[in-house]
Novice: 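Structure in C-alpha coordinates, see below.
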Amino acid sequence: NLASFYRRNEVWLILFYKSNNRESKGYKDVWREVAEKLYGIIKVAAVDCREDADEAVCEDFMVYDVPKVLVFPANIRSEPLTFTGNVQYGPIASFAVGQMESFVRVVNEGNYESFAREDFDKTKVILFTTKKVTPPLLRALSKEFKGRIVFGEVRESSTGLINKFRIESFPTILVLGDADNYSGVKYQGEFKKDQIAKFLRDHAPATSQKKNTRGSSGEFKELL
(Lines give C-alpha, C1' and ligand atoms only; values in the text may rest on other atoms or scores of the structure.)
Protein backbone atom coordinates (compact mmCIF):
# COMPACT_ATOMS: atom_id res chain seq x y z
CA ASN A 1 0.00 0.00 0.00
CA LEU A 2 2.07 2.91 -1.30
CA ALA A 3 -0.31 5.52 0.07
CA SER A 4 0.22 4.42 3.66
CA PHE A 5 3.95 3.97 3.01
CA TYR A 6 4.37 7.58 1.94
CA ARG A 7 2.38 8.75 4.99
CA ARG A 8 4.36 6.54 7.36
CA ASN A 9 5.46 7.50 10.84
CA GLU A 10 7.00 4.11 11.63
CA VAL A 11 9.82 1.96 10.32
CA TRP A 12 9.11 -0.15 7.22
CA LEU A 13 11.04 -3.28 6.28
CA ILE A 14 10.60 -4.31 2.64
CA LEU A 15 11.85 -7.35 0.74
CA PHE A 16 12.19 -6.90 -3.01
CA TYR A 17 12.25 -10.26 -4.79
CA LYS A 18 11.24 -12.18 -7.91
CA SER A 19 9.02 -15.21 -7.59
CA ASN A 20 11.00 -17.07 -10.27
CA ASN A 21 14.35 -16.27 -8.66
CA ARG A 22 15.99 -19.19 -6.85
CA GLU A 23 17.77 -17.03 -4.28
CA SER A 24 14.55 -15.11 -3.58
CA LYS A 25 12.77 -18.35 -2.69
CA GLY A 26 15.29 -18.85 0.10
CA TYR A 27 13.86 -15.77 1.86
CA LYS A 28 10.30 -17.12 2.03
CA ASP A 29 10.33 -18.83 5.43
CA VAL A 30 12.57 -16.21 7.03
CA TRP A 31 10.36 -13.38 5.81
CA ARG A 32 7.26 -15.08 7.16
CA GLU A 33 8.98 -15.35 10.56
CA VAL A 34 10.03 -11.70 10.42
CA ALA A 35 6.47 -10.62 9.62
CA GLU A 36 4.95 -12.72 12.40
CA LYS A 37 7.39 -11.74 15.16
CA LEU A 38 7.53 -8.04 14.29
CA TYR A 39 3.77 -7.70 13.82
CA GLY A 40 2.59 -4.46 15.38
CA ILE A 41 6.15 -3.25 15.89
CA ILE A 42 7.51 -2.66 12.39
CA LYS A 43 5.70 -2.69 9.06
CA VAL A 44 6.93 -5.69 7.07
CA ALA A 45 6.19 -5.92 3.34
CA ALA A 46 7.34 -7.67 0.18
CA VAL A 47 7.32 -6.60 -3.46
CA ASP A 48 7.51 -9.10 -6.34
CA CYS A 49 9.51 -7.28 -8.98
CA ARG A 50 8.46 -9.89 -11.54
CA GLU A 51 4.82 -8.79 -11.46
CA ASP A 52 3.88 -6.09 -13.96
CA ALA A 53 2.03 -4.08 -11.33
CA ASP A 54 5.02 -4.09 -8.98
CA GLU A 55 7.84 -3.78 -11.48
CA ALA A 56 7.40 -0.02 -11.57
CA VAL A 57 7.58 0.09 -7.77
CA CYS A 58 10.94 -1.66 -7.86
CA GLU A 59 12.19 0.81 -10.46
CA ASP A 60 10.98 3.74 -8.38
CA PHE A 61 13.13 2.48 -5.51
CA MET A 62 16.01 1.78 -7.93
CA VAL A 63 16.01 -1.91 -7.08
CA TYR A 64 17.40 -3.83 -10.03
CA ASP A 65 19.09 -6.75 -8.30
CA VAL A 66 17.06 -9.08 -6.14
CA PRO A 67 16.58 -10.27 -3.51
CA LYS A 68 17.17 -7.05 -1.61
CA VAL A 69 16.05 -5.92 1.84
CA LEU A 70 15.60 -2.22 2.53
CA VAL A 71 14.78 -0.55 5.83
CA PHE A 72 12.94 2.76 5.60
CA PRO A 73 13.14 4.98 8.71
CA ALA A 74 10.00 6.63 10.05
CA ASN A 75 11.21 10.00 8.79
CA ILE A 76 10.14 10.03 5.16
CA ARG A 77 13.01 12.37 4.31
CA SER A 78 15.58 9.77 5.39
CA GLU A 79 17.23 7.52 2.82
CA PRO A 80 16.56 3.76 3.02
CA LEU A 81 19.23 1.47 4.42
CA THR A 82 20.27 -1.79 2.75
CA PHE A 83 20.51 -4.93 4.87
CA THR A 84 23.61 -6.96 4.00
CA GLY A 85 23.83 -9.45 6.87
CA ASN A 86 22.87 -13.09 7.26
CA VAL A 87 19.39 -13.95 6.03
CA GLN A 88 18.04 -14.92 9.45
CA TYR A 89 15.38 -13.46 11.68
CA GLY A 90 17.78 -12.22 14.37
CA PRO A 91 20.11 -10.10 12.22
CA ILE A 92 17.26 -8.72 10.10
CA ALA A 93 15.16 -7.80 13.13
CA SER A 94 18.11 -6.21 14.95
CA PHE A 95 18.96 -4.13 11.89
CA ALA A 96 15.40 -2.86 11.54
CA VAL A 97 14.78 -2.31 15.26
CA GLY A 98 17.95 -0.22 15.38
CA GLN A 99 16.14 2.38 13.26
CA MET A 100 13.18 2.69 15.66
CA GLU A 101 12.66 5.77 17.79
CA SER A 102 12.42 5.26 21.54
CA PHE A 103 10.81 7.46 24.18
CA VAL A 104 11.57 5.19 27.13
CA ARG A 105 13.51 6.20 30.22
CA VAL A 106 15.70 3.81 32.17
CA VAL A 107 14.51 4.14 35.78
CA ASN A 108 16.56 3.29 38.85
CA GLU A 109 16.63 4.25 42.52
CA GLY A 110 18.58 7.38 41.73
CA ASN A 111 16.01 8.91 39.35
CA TYR A 112 12.76 7.19 40.36
CA GLU A 113 11.43 10.19 42.32
CA SER A 114 11.83 12.56 39.38
CA PHE A 115 10.30 10.01 36.99
CA ALA A 116 7.28 9.48 39.23
CA ARG A 117 6.59 13.16 39.95
CA GLU A 118 7.47 14.91 36.68
CA ASP A 119 4.84 15.16 33.90
CA PHE A 120 2.11 14.74 36.50
CA ASP A 121 -0.57 15.23 33.82
CA LYS A 122 0.46 12.00 32.07
CA THR A 123 0.05 8.32 32.86
CA LYS A 124 3.24 6.55 33.95
CA VAL A 125 4.12 2.97 33.00
CA ILE A 126 7.06 0.89 34.17
CA LEU A 127 8.39 -2.33 32.70
CA PHE A 128 10.40 -4.53 35.02
CA THR A 129 12.65 -6.57 32.77
CA THR A 130 15.69 -8.80 32.55
CA LYS A 131 16.54 -7.33 29.14
CA LYS A 132 19.63 -5.13 28.87
CA VAL A 133 18.21 -3.08 25.99
CA THR A 134 14.78 -1.53 25.44
CA PRO A 135 12.43 -4.15 23.91
CA PRO A 136 11.14 -3.32 20.40
CA LEU A 137 7.48 -3.47 21.40
CA LEU A 138 8.06 -1.00 24.22
CA ARG A 139 9.71 1.34 21.75
CA ALA A 140 6.70 1.05 19.45
CA LEU A 141 4.23 1.70 22.27
CA SER A 142 6.24 4.62 23.60
CA LYS A 143 5.88 6.30 20.23
CA GLU A 144 2.22 5.37 19.76
CA PHE A 145 1.28 6.81 23.15
CA LYS A 146 3.72 9.71 23.12
CA GLY A 147 2.21 12.70 24.89
CA ARG A 148 -0.20 10.55 26.89
CA ILE A 149 2.00 7.99 28.61
CA VAL A 150 5.52 8.27 29.99
CA PHE A 151 7.31 4.92 29.75
CA GLY A 152 10.08 3.72 32.00
CA GLU A 153 11.95 0.46 32.33
CA VAL A 154 13.51 -0.95 35.49
CA ARG A 155 16.21 -3.50 34.80
CA GLU A 156 17.00 -6.56 36.87
CA SER A 157 20.03 -4.91 38.46
CA SER A 158 17.86 -2.29 40.21
CA THR A 159 17.07 -4.64 43.08
CA GLY A 160 16.01 -1.84 45.41
CA LEU A 161 13.06 -0.79 43.24
CA ILE A 162 12.20 -4.39 42.41
CA ASN A 163 11.92 -5.19 46.13
CA LYS A 164 9.94 -2.05 46.93
CA PHE A 165 7.39 -2.85 44.21
CA ARG A 166 7.40 -6.53 45.24
CA ILE A 167 8.07 -7.71 41.71
CA GLU A 168 8.23 -11.51 41.65
CA SER A 169 8.47 -12.30 37.94
CA PHE A 170 9.77 -10.79 34.72
CA PRO A 171 8.63 -9.17 32.59
CA THR A 172 6.06 -7.23 34.63
CA ILE A 173 4.15 -4.21 33.39
CA LEU A 174 2.93 -1.76 36.01
CA VAL A 175 0.71 1.31 35.76
CA LEU A 176 2.19 3.55 38.39
CA GLY A 177 -0.09 4.48 41.26
CA ASP A 178 0.97 6.19 44.48
CA ALA A 179 4.64 7.04 44.09
CA ASP A 180 5.22 7.15 47.85
CA ASN A 181 3.71 3.73 48.50
CA TYR A 182 5.31 2.05 45.47
CA SER A 183 1.95 0.83 44.24
CA GLY A 184 0.34 0.33 40.85
CA VAL A 185 -1.88 -1.79 38.61
CA LYS A 186 -0.24 -4.83 37.04
CA TYR A 187 -1.00 -5.94 33.51
CA GLN A 188 -2.31 -9.50 33.73
CA GLY A 189 -2.85 -10.48 30.08
CA GLU A 190 -0.74 -12.01 27.33
CA PHE A 191 2.28 -10.09 26.12
CA LYS A 192 0.78 -9.16 22.77
CA LYS A 193 0.67 -5.67 21.35
CA ASP A 194 -3.07 -5.38 20.71
CA GLN A 195 -3.97 -6.55 24.21
CA ILE A 196 -1.40 -4.36 25.90
CA ALA A 197 -2.42 -1.34 23.82
CA LYS A 198 -6.04 -1.85 24.94
CA PHE A 199 -4.85 -2.00 28.54
CA LEU A 200 -2.96 1.25 28.01
CA ARG A 201 -5.95 3.00 26.45
CA ASP A 202 -8.03 2.03 29.48
CA HIS A 203 -5.50 3.70 31.78
CA ALA A 204 -4.41 6.68 29.72
CA PRO A 205 -6.54 9.77 29.08
CA ALA A 206 -7.56 10.46 25.49
CA THR A 207 -5.83 13.81 25.91
CA SER A 208 -3.53 14.95 28.63
CA GLN A 209 -5.47 16.00 31.71
CA LYS A 210 -3.91 17.10 34.96
CA LYS A 211 -3.95 14.56 37.73
CA ASN A 212 -2.88 14.52 41.35
CA THR A 213 0.92 14.67 41.40
CA ARG A 214 0.93 11.61 43.66
CA GLY A 215 -1.31 9.59 41.41
CA SER A 216 0.15 9.57 37.93
CA SER A 217 -0.40 6.21 36.27
CA GLY A 218 0.71 4.42 33.08
CA GLU A 219 1.82 1.14 31.47
CA PHE A 220 4.34 -0.75 29.30
CA LYS A 221 5.00 -3.82 27.12
CA GLU A 222 7.87 -5.97 25.87
CA LEU A 223 8.68 -8.28 23.02
CA LEU A 224 9.49 -11.71 24.39
Side-chain angles (χ1 to χ4, degrees), residues 1-104 106 127 129-146 151 153 171 190-197 220-224:
N1 188 332
L2 286 178
S4 61
F5 170 80
Y6 286 117
R7 293 195 303 267
R8 70 185 184 277
N9 61 359
E10 58 206 329
V11 175
W12 278 60
L13 181 60
I14 302 180
L15 166 65
F16 296 87
Y17 71 102
K18 287 185 178 180
S19 54
N20 63 340
N21 177 273
R22 183 174 182 178
E23 188 177 356
S24 292
K25 292 178 180 179
Y27 281 65
K28 181 178 179 180
D29 292 339
V30 172
W31 209 248
R32 180 180 290 112
E33 182 181 7
V34 169
E36 290 174 352
K37 291 185 176 180
L38 293 182
Y39 175 76
I41 301 169
I42 286 175
K43 290 287 189 181
V44 179
V47 178
D48 186 352
C49 297
R50 186 188 181 196
E51 297 292 331
D52 292 340
D54 292 334
E55 185 176 2
V57 176
C58 298
E59 292 179 356
D60 287 344
F61 289 112
M62 293 184 289
V63 175
Y64 304 107
D65 296 320
V66 296
K68 187 172 188 177
V69 174
L70 294 181
V71 176
F72 296 82
N75 186 341
I76 60 175
R77 296 181 181 84
S78 298
E79 293 295 320
L81 303 173
T82 302
F83 173 75
T84 58
N86 293 331
V87 185
Q88 298 175 348
Y89 166 75
I92 293 173
S94 295
F95 186 73
V97 168
Q99 306 307 315
M100 294 179 68
E101 296 176 286
S102 177
F103 303 96
V104 182
V106 175
L127 165 69
T129 178
T130 60
K131 303 292 186 182
K132 298 185 183 301
V133 296
T134 304
L137 187 49
L138 184 58
R139 294 189 186 197
L141 289 170
S142 74
K143 182 170 183 177
E144 180 177 340
F145 288 90
K146 184 183 179 184
F151 289 85
E153 59 181 318
E190 294 184 78
F191 276 78
K192 295 185 177 180
K193 183 177 184 293
D194 291 346
Q195 295 182 29
I196 293 175
F220 148 94
K221 147 72 182 172
E222 173 198 30
L223 177 67
L224 297 178

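For this chain, numbers begin at 1 and follow the sequence in order.
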Novice: Apply side chain to side chain contact (heavy atoms under 4.5 Å, CB included) to the pair R7 and F5, showing each step before the final yes or no.
Specialist: CA-CA 5 Å; R7 293 195 303 267; F5 170 80; over 6 Å; no
Novice: So with a 6.0 Å cut-off around CG of D60, is the heavy-atom count from everything else above 12?
Specialist: yes
Novice: Atom OG in S78, atom CD in Q99: separation rounded to 0.5 Å?
Specialist: 9.0 Å
Novice: Could you state the interatomic distance from CG (L138) to NZ (K131), rounded to the nearest 0.5 Å?
Specialist: 12.5 Å
Novice: Of the non-hydrogen atoms in A140 and G40, which two are nearest, and what is the gap between them?
Specialist: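 Shortest heavy-atom contact: CB-O, 4.2 Å.
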Novice: When you measure from the side chain of R139 to the backbone of V97, do you find a donor-acceptor pair of N or O atoms at a distance under 3.5 Å?
Specialist: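 Yes; at least one donor-acceptor contact below 3.5 Å.
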Novice: Between W31 (side chain) and I14 (backbone), is there a donor-acceptor pair under 3.5 Å?
Specialist: no
Novice: Considering all heavy atoms of both residues, which atom of N21 and which atom of E23 are nearest to each other, and what is their separation?
Specialist: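 For N21 and E23, the tightest heavy-atom pair comes out as OD1-N, 3.1 Å.
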Novice: Mind checking whether L38 and Y89 have side chains closer than 4.5 Å, heavy atoms only?
Specialist: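 A side-chain contact under 4.5 Å exists here.
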Novice: Rounded to the nearest 0.5 Å, what's the gap from CD1 on I41 to CG on L137? Could you check?
Specialist: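 CG of L137 is found 4.5 Å from CD1 of I41.
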Novice: Roughly how far, to the nearest 0.5 Å, is CG of L13 from CZ of F95?
Specialist: 9.0 Å
Novice: Are the side chain of K143 and the backbone N or O of N9 linked by a donor-acceptor pair below 3.5 Å?
Specialist: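 Yes: the side chain of K143 pairs with the backbone of N9.
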Novice: Can you see which heavy atom on C58 is nearest to which on F16, and at what distance?
Specialist: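 Heavy-atom minimum between the residues: SG-CD2, 3.9 Å.
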Novice: For the CZ atom of F83 and the CG atom of N86, what is their distance to the nearest 0.5 Å?
Specialist: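 Output value for this atom pair is 6.5 Å.
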Novice: Taking atom CD1 of I92 and atom CD of E33, what is their separation to the nearest 0.5 Å?
Specialist: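 Result: 9.0 Å between the selected atoms.
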Novice: With sequence neighbours excluded, tell me which residues meet ring-ring contact (aromatic ring centres under 6.0 Å, His included) with F145.
Specialist: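 Partners of F145 under the ring-ring contact (aromatic ring centres under 6.0 Å, His included) test: none.
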Novice: Test your reading of the model: is there a side-chain donor-acceptor pair from R8 to the backbone of P73, 3.5 Å cut-off?
Specialist: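 At least one qualifying donor-acceptor pair exists.
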Novice: How close do V133 and E153 get, heavy atom to heavy atom, and via which atoms?
Specialist: O-OE1, 4.2 Å
Novice: Using a 3.5 Å distance criterion without hydrogens, assess whether the side chain of R32 forms a donor-acceptor pair with backbone atoms of D29.
Specialist: no
Novice: Would the number of heavy atoms belonging to other residues, nucleotides or ligands and lying under 6.0 Å from NZ of K43 be above 12?
Specialist: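 Incorrect, the count does not exceed 12.
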Novice: Ignoring hydrogens, what is the shortest heavy-atom contact between K18 and D48? Give both atom names and the distance.
Specialist: CA-OD1, 3.4 Å
Novice: Under a 4.5 Å cut-off applied to non-hydrogen side-chain atoms, are I42 and P136 in contact?
Specialist: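 A side-chain contact under 4.5 Å is absent here.
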Novice: Look at the aromatic rings of Y6 and F61 and report parallel, tilted or perpendicular, splitting at 30° and 60°.
Specialist: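 Aromatic pair Y6/F61 classed parallel.
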Novice: Please report the shortest heavy-atom distance between V69 and Y27, naming the atom on each side.
Specialist: CG2-CE2, 4.0 Å
